Amino acid sequence: MSGSPQRADVRIDMRSDTVTKPTPGMFEAMLTAEVGDDVLGDDPTVIRLQEEVAQRLGKAAALYVPSGTMSNQLALKAQTGPGDQVVLEDGAHIYRYEGGAPGVLSGVQLTCVPTADGLLDWSMVEAAINPLNVHCAPPAMVCLENTHNRAGGRILPQAEVVRMGEQVHARGLRYHLDGARLWHTHIATGTSLRELAAPFDSVSVCFSKGLGAPVGSVLAADQQTIDRAYRFRKMFGGGMRQAGILAAACLYAMDHQMDRLQEDHAHARALFEGLDHRQLAVNHPVDTNIVIIDVEPAAEDSSLLAHLERQGILAVSFGLGRVRLIPNLENSRADVDLVIAALNQWPGTGNQ
Ligand SMILES: *Cc1c(COP(=O)(O)O)cnc(C)c1O
């Protein structure tokens with residue numbers, strides 16, 4: 001046994017951008033936050049966060065919730081009924097990583113559209129939307145994800161997002177965006193959050209990823225949708241009392257830790273460019289902060305992860321033959337160079 005490093009020995013954690021810990025300035029903001037009881041609706045810091053996010057995303061209202069999963073699931077619950085059809089891309093977080101919640105919590109039927117690169121266009125969605133007849137689940141909603149996690153942090157082309165929205169709305173359907181990493185699209189493209197959110201009825205954004213806050217997501221939408229989501233949040237067990245302590249960290253993150261996402265993007269790009277691509281393929285454009293390595297042969301992915309871990313580097317398996325790395329707030333440029341060196345030293349198959 002080579003022995004995997006103890007937690008305390010781990011030097012570089014790129015499993016996710018969720019591993020980011022509160023910075024000293026963020027802790028200070030949490031410590032001095034004015035709080036109330038948010039279930040009773042009078043926590044001033046939560047109210048301020050909701051207003052600020054609604055304003056930045058150009059929506060009428062917003063709701064602070066414990067997780068991105070709850071935020072997405074509230075969007076479904078508030079805007080669909082049992083038996084409805086929801087169309088989304090096959091790699092969507094809502095479908096892959098939310099524990100089967102759409103079936104359990106909303107009773108909806110998902111139609112998952114496979115793509116080569118995570119990017120849906122209207123013709124694919126149109127073909128997947130059920131006809132209105134007695135045989136089919138009635139279509140209710142189309143969901144997109146920007147950036148697209150499973151596709152490697154891909155940025156959705158905004159022109160297609162807009163075009164699809166017009167068609168979705170022309171059919172009377174709701175249009176939801178899982179914008180867990182919408183900040184990254186904003187920082188990478190310079191397009192305002194308001195413009196990115198405009199085509200959608202509802203938008204979910206996460207604070208516990210690259211922005212570095214410890215807890216929480218916000219769902220933004222029209223007032224009626226948020227009123228319904230508010231009721232279901234309580235039902236799902238997502239009502240929190242002195243949540244202002246957490247909301248303060250989110251406000252701090254938006255004001256002080258958003259622009260630095262470009263550092264994470266530069267680190268992901270450096271990782272991509274530094275790799276010896278003869279051995280380790282990255283089969284997607286590195287648009288933002290996510291690098292997914294395709295390992296050949298696929299069964300060697302655990303060997304690559306073990307090799308990294310022996311050097312104190314943590315990444316995650318992202319399905320058979322795939323290893324995901326996300327440079328984040330905790331990583332320096334020197335860390336990135338160490339990760340590149342470790343990856344390029346991987347003996348690969350047949351050499352160990
Ligand atoms: C992380 C993530 C979420 C929400 O995850 P939680 O762990 O529930 O906060 C939703 N969508 C995408 C694309 C994500 O990456």
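Just so it is clear, the structure is predicted and the values come from calculations on it, not from any experiment. Both counts, for ligands and for their atoms, begin at 1 and track the order of listing.
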Checking a contact table here: which protein heavy atom is nearest [atom], and how many Å away?
atom	value
atom 11 (N) of ligand 1	Asp178 OD2, 2.6 Å
atom 15 (O) of ligand 1	Lys209 NZ, 2.8 Å
atom 4 (C) of ligand 1	Gly68 CA, 3.4 Å

- Any non-hydrogen protein atom less than 4.0 Å away from atom 7 (O) of ligand 1: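 It does not: no protein heavy atom is found less than 4.0 Å away from atom 7 (O) of ligand 1.
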- In Å, rounded to the nearest 0.5 Å, how long is the span from CG of Leu329 to OG1 of Thr23?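 Between Leu329 CG and Thr23 OG1, I get 6.5 Å after rounding to 0.5 Å.
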Any N/O of [X] closer than 3.5 Å to an N/O of ligand 1?
X	answer
Arg181	yes
Thr69	yes
Glu98	no
Ser217	no

Mind checking whether [X] contacts ligand 1 via backbone (N, CA, C, O), side chain (CB onward), both or neither, at a 4.0 Å heavy-atom cut-off?
X	value
Met70	neither
Ser67	both
Thr18	neither
His148	neither

Donor-acceptor pair between [X] and [Y] side chains, under 3.5 angstrom:
X	Y	answer
Thr45	Glu34	no
Asp264	Asn328	no
Ser202	His176	yes
Asn344	Asp276	no
Ser106	Gln73	no
Glu145	Asn149	no
Ser71	Ser217	no

- Item | Contacting atoms of ligand 1, where contact means under 4.0 angstrom from a heavy atom of Ala180 |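 So the atoms of ligand 1 that pass are 2 (C), 10 (C), 11 (N), 12 (C), 13 (C), 14 (C).
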- Query: Between Phe272 and His277, what is the ring plane arrangement, given parallel below 30°, perpendicular above 60°, and tilted in between?
  - Reply: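 Perpendicular: the ring planes of Phe272 and His277 meet at over 60°.
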